[in-house]
Structures are given as structure tokens and as C-alpha cells.
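Just follow the structure's listing: the first ligand is 1, and inside any ligand the first atom is 1.
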Amino acid sequence: MKATKLLTAASVGALLFGLTGAAHAANWRYAHEEFEGDVQDVFAYAFKEHVEANSDHSVQVYRFGELGESEDIMDQTLSGILQFVNQSPGFTGALIPSAQIFFIPYLMPTDMETVLEFFDESEAINEMFPEIYAEHGLELLKMYPEGEMVVTADEPITEPADFDNKKIRVMTNPLLSETYSSFGATPTPLPWGEVYGGLQTGIIDGQENPIFWIESGGLYEVSPHLTFTSHGWFTTAMMANKDFFDGLSEEDQQLVRNAADAAYDHTIEHIQGLAEESLDKIMEACDECTVTRLNDEQIEDFKERAPQVEEAFLEMTDETGAELLDQFKEDLEEVTSDNG
Ligand code: 6CS
């Protein structure tokens with residue numbers, strides 16, 4: 001009898017402990033748009049590591065394709081199936097028009113040090129964007145750059161005329177289409193999953209992406225002529241479903257913010273030198289690949305088309321876009337004068 005009582009007390013204790021544990025230890029689902037070892041994956045795993053080392057929670061990471069395309073993982077986050085998502089403004093721009101600011105060509109500098117300082121210090125990035133995303137049910141935790149955009153095509157591109165009759169794949173936001181129209185190309189918006197096959201079959205003639213992705217996705221195999229146009233950076237954003245985030249305890253909110261900070265620091269270290277390493281790998285693997293770096297005069301021919309894209313950005317966004325653009329320019333001015 002005594003033994004049974006003891007056992008019962010122990011079982012109830014264990015059950016209570018288990019229940020309490022279960023109530024506190026959550027398994028958070030986090031999806032991103034890339035493959036194993038790519039920049040968004042490096043960020044996601046650093047986030048997971050921090051959360052798991054500093055709490056009883058666990059984070060399950062889903063990579064590209066496991067839950068669908070970029071648009072699908074955003075839908076799943078907005079509906080609360082996923083707690084966290086990493087989606088680049090290339091796709092978010094279709095939902096949040098101001099996020100398209102990153103596609104105004106030649107707005108961002110090319111020098112990495114300046115770009116990194118901008119992301120660290122910019123009021124537009126760190127204060128205005130979180131408010132804008134919040135209006136769409138998203139708690140923006142970090143925006144970060146992945147690498148400079150490089151165009152790949154079936155021929156080297158040295159001037160806007162080279163884009164004549166070229167179908168260039170763009171991510172699915174309307175402003176990026178304006179950018180490539182202004183450059184003289186025929187923009188073709190496609191989700192990521194259709195890009196390699198599209199290049200291989202000639203449905204599209206080129207695309208743009210950072211070098212690490214051109215290497216890791218094997219894009220150079222089907223689009224071998226690389227042109228450094230200096231027109232922008234591939235930027236991305238990591239966020240949470242806002243209702244989920246708001247419902248967390250203060251302690252867990254802080255944990256999530258700290259994990260995002262740690263992941264950001266780790267990822268920024270990771271991307272330094274990554275483009276150069278990836279370009280070396282491409283040139284080693286590919287005999288037919290060429291690299292063209294536009295000179296200042298050639299850049300000018302593309303750059304002079306930027307004002308019409310800026311105009312289109314202002315038309316697509318309300319006054320939020322205009323305020324954001326002013327702040328963006330002010331923030332850029334500050335970091336370029338620091339580094340200039
Ligand atoms: O071009 C794209 O669609 C993809 N590019 C990168 C660098 N990351 C994910 C994105 O889907």
C-alpha cells in the first residue's frame with residue numbers, strides 16, 4: 001500500500017513535471033528559401049543553436065522546397081503554421097510594396113564595408129521597416145545582405161543594348177520588373193524553382209543573383225556569362241508571425257531577439273569573402289564561363305535609368321515609400337561619408 005502510494009505520488013509528480021515542461025518547451029517551426037549551407041541556412045542554424053542553448057525550446061528548420069516556394073512559406077507563416085520565416089524582399093515586395101526599395105538600382109553602394117555599416121546603423125532598416133512589416137502581421141527581426149547582385153546571361157552584357165530581346169528572370173515583385181525594363185530587357189517574373197530549368201530550356205536568357213547562389217545553385221552551368229553591374233545587393237529578412245511573437249513571454253521575446261542578433265553577427269562574418277570564394281569555384285568548374293566587370297562609363301549607361309525606377313517606386317507606394325526613401329538616402333549618406 002505504502003509502495004503504491006509512493007509510486008502514485010512519483011507518477012503524479014513526473015506527470016506534473018512533464019506537463020509543466022511541455023507547457024514551457026515549445027518546438028518552433030522556421031522556414032527559409034535556400035539550401036543546406038547557404039546564407040539563409042547559416043542564419044537559421046545559428047538562430048536555432050542560440051535558442052536551444054539558452055532555453056528548453058527547440059527550432060525545426062525547413063529548407064527550400066520542403067514546404068514549397070517562397071510565397072508558400074510566407075502564407076504558412078501568416079496563417080500561423082510556421083512561427084518564423086526568412087523571405088527576401090524580392091518576394092515580400094509583392095505583399096509589402098515599400099520592401100521593393102532594394103530594387104531601385106544604384107541606390108546601395110557596392111563596397112561591402114559600407115553596406116554592412118548601413119545595415120547595422122540605418123534607421124530605415126532598424127526602425128522604419130519593423131513598423132511597416134508589423135502592419136502586415138509580421139514581427140521583423142533582422143534584415144541583412146547576402147551578396148552583391150550579379151547578372152548571368154547567355155552572352156556578356158556590357159551595355160543596355162545587350163539586353164535587347166533578352167528575357168531576364170526576376171523575383172516576383174513589380175519594381176524589379178521596372179528595373180529590368182529600364183535596363184532594356186524583357187523581365188520575366190518567376191519563382192525560384194523554375195529558374196534553372198527555364199535557363200536550361202531557353203525560356204529565359206538570364207537572371208540576377210549573388211555569386212554564392214549562382215555557384216551553389218549551379219546557375220553558371222546554364223547561364224555562363226557573369227556581369228558585375230554594381231546595381232544592387234541581394235537583401236533578405238527574417239521575421240516571426242506577429243501574433244505568435246506578441247503572445248510570447250517577455251523572457252522568450254528577449255531570447256528570440258538575442259538569437260536573431262547572434263545569427264546576424266555569425267552570418268555577417270560568413271558572407272565576408274564568400275563571393276570571392278564562390279567565384280573561384282565557378283571559374284574552376286566552368287571553362288566556358290566569362291566574367292565582365294562594367295567600368296565607370298558603362299555603369300553610367302545603366303545608372304542614368306535609375307530615376308525612372310525610383311519614380312515607379314514612389315508611385316507604387318504611398319507616402320510610406322517616400323518617407324522610407326528619404327530616410328534610406330539619409331542613412332546611406334551618413335555611412336558613405338564615414339567611409340568616403
Ligand atoms: O533568386 C531567388 O529566387 C533566390 N535567390 C537567393 C539568393 N536566395 C533565395 C531566393 O529564392
Best match, E208, H32, E69, E34: closest heavy atom to atom 9 (C) of ligand 1: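 Looking at heavy atoms only, the winner is E34.
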Per atom 11 (O) of ligand 1, closest listed option by heavy atom (W213, F212, F234, F91):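 Heavy atom nearest to atom 11 (O) of ligand 1 belongs to F91.
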Any N/O pair E33/ligand 1 closer than 3.5 Å: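 The answer is no, given that E33 and ligand 1 share no N or O pair closer than 3.5 Å.
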Within-cut-off N or O pair, W192 and ligand 1, under 3.5 Å: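 There is no such contact.
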Atoms in ligand 1 flagged as close to P210, the criterion being non-hydrogen separation under 4.0 Å: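 So the answer, numbered in order with elements, is 7 (C).
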For R169, atoms of ligand 1 separated by under 4.0 Å from a heavy atom: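 Going through ligand 1 atom by atom, the ones under 4.0 Å from R169 are 1 (O), 2 (C), 3 (O).
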Verify the distance criterion only: is there a donor paired with an acceptor across the side chains of [X] and [Y] at less than 3.5 Å?
| X | Y | result |
| --- | --- | --- |
| D331 | Q327 | yes |
| Q40 | T236 | yes |
| T158 | Q298 | no |
| E52 | S58 | no |
| E49 | H266 | no |

Nearest neighbour in protein (non-hydrogen) for atom 5 (N) of ligand 1: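 For atom 5 (N) of ligand 1, the nearest protein heavy atom comes out as N209 OD1, 2.9 Å.
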Residue that, paired with H32, satisfies side chain to side chain donor-acceptor pair (under 3.5 Å) out of N86, D41, D38: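 Among N86, D41, D38, the one that satisfies the side chain to side chain donor-acceptor pair (under 3.5 Å) with H32 is D41.
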